[in-house]
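The block underneath contains the structure these notes are about, expressed in structure tokens.
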Amino acid sequence: MTTTVSVVGSTGSIGTQAIQVLQAAATAEPGRFQLDAIGAFRSVDLLAEQARQMRPRRVALGDPSRARELQERLPQGVELLAGPGSLVEIASGVDVVLNAVVGFAGLPVTVAALSSGVRLALANKESLVAGAPVVQRVRSTPGAEILPVDSEHCAIHQCLRAGRDPSEVAKLVLTASGGPFRGRSEDELASVTCSDALAHPTWDMGPKITVDSSTLMNKGLEVLEAHELFGTPFDQIEVVVHPQSVIHSMVEFVDGAIVAQLSNPDMRLPIGYCLSWPDRLPIAYGAIDWKSLAQLDFEEPRPDTFRCLALAFQAGRMGGIAPAWLNAANEVAVAAFLEGRIAWRQIATVVEDVLSACSSQDATTAEEVIDADGEARSRATAIVAGGRTGVKVASG
Ligand code: MG
């Protein structure tokens, strides 16, 4: 049976790897998938290239100002949708929607896919974390389900797969690579640069998630994501630093048994898993060579240096709109860091300042979530602009 696929955010790191998986699957299992639609906000060159190679039925471009330019470069018969709503338009009418949009901007895609009752391969954790009150409601639409592309959650999905009773789960153990700054002291981290933060030791990812990984905010968001996906209470979610990124996460059961998923770091494995679920794709991405795997190490994350992790747990326990505030403040702070406007250590300070002003008020509609996001964003923007973080703003 052919599975029809829409890749929203097809030009980013996850999107381009998804295209590679679909190309490999076309050889390994001809007819297994049909790429129905691809879409991106503004990467016209790559979209045109992907359309030429993959011949989807539809292409969506979020930024309408370059629609004419893209139209001229699309192969005959490929339909172009343009404008802010076009990415939402391609998030239904297929078997699987891969949401690979970066950040909170992915929320409408997540909501559209689940409301239309399709399988959502979710690579956009921010939409689930910040939009949880709304996403959880549309998740119960008949036919809708979330398959996590995030490697840790995909690992847990695989560990839980034998249909075990949730009451048998004692703990989820999320592994973290520790990022590029693992083992560094507070003082050493005072002067780290953008390119230091973007040099991830084990994963090759986009800039936003790579910075999140350096602060451990990525792991913090993943704790919230695990809570939403699997319904696990926060005191049953543990984070362990595992620098080799070979164990992608683990589930500990009440009898002490631990089930883990192992593979070399390669996002094409979780992408293929989510696209082909409930079957497995016969392409071995990240298979381990046991003769060359020397050792697996584990250590505790350092809460004083990587404050974002504790802030995420705090927002999760507050509930309501607090995770949306945490996420919005982080997106603003990371963007400011990438533009050289604040120092690395101030990312956590901005998030902490914003979160300290947050009530744990509930949100029930998408508008309320978007309002909460907007409010936290303007507070974070003001803090970044005013340098009201208690830390000297970086110059140059
Ligand atoms: Mg992850």
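We count ligands from 1, going down the list as the structure has it; atoms in each ligand are counted the same way.
Salt-bridge formation is detected for the pair D279/R32: a Lys NZ or Arg NE/NH1/NH2 atom is positioned less than 4.0 Å from an Asp or Glu carboxylate oxygen.
Residue E152 approaches the Mg ion (ligand 1) most closely through its N/O/S atom OE1. Closest to the Mg ion (ligand 1) among the N, O or S atoms of E222 is OE2. Checked against the Mg ion (ligand 1), the N, O or S atom of D150 at the shortest distance is OD1.
Classification of the F230-H153 ring pair by plane angle, with boundaries at 30° and 60°, yields parallel.
In this structure, the separation between OG1 on T3 and CG on L275 is 8.5 Å, given to the nearest 0.5 Å.
Atom CD of E300 is surrounded by 12 or fewer heavy atoms from other residues, nucleotides or ligands within 6.0 Å.
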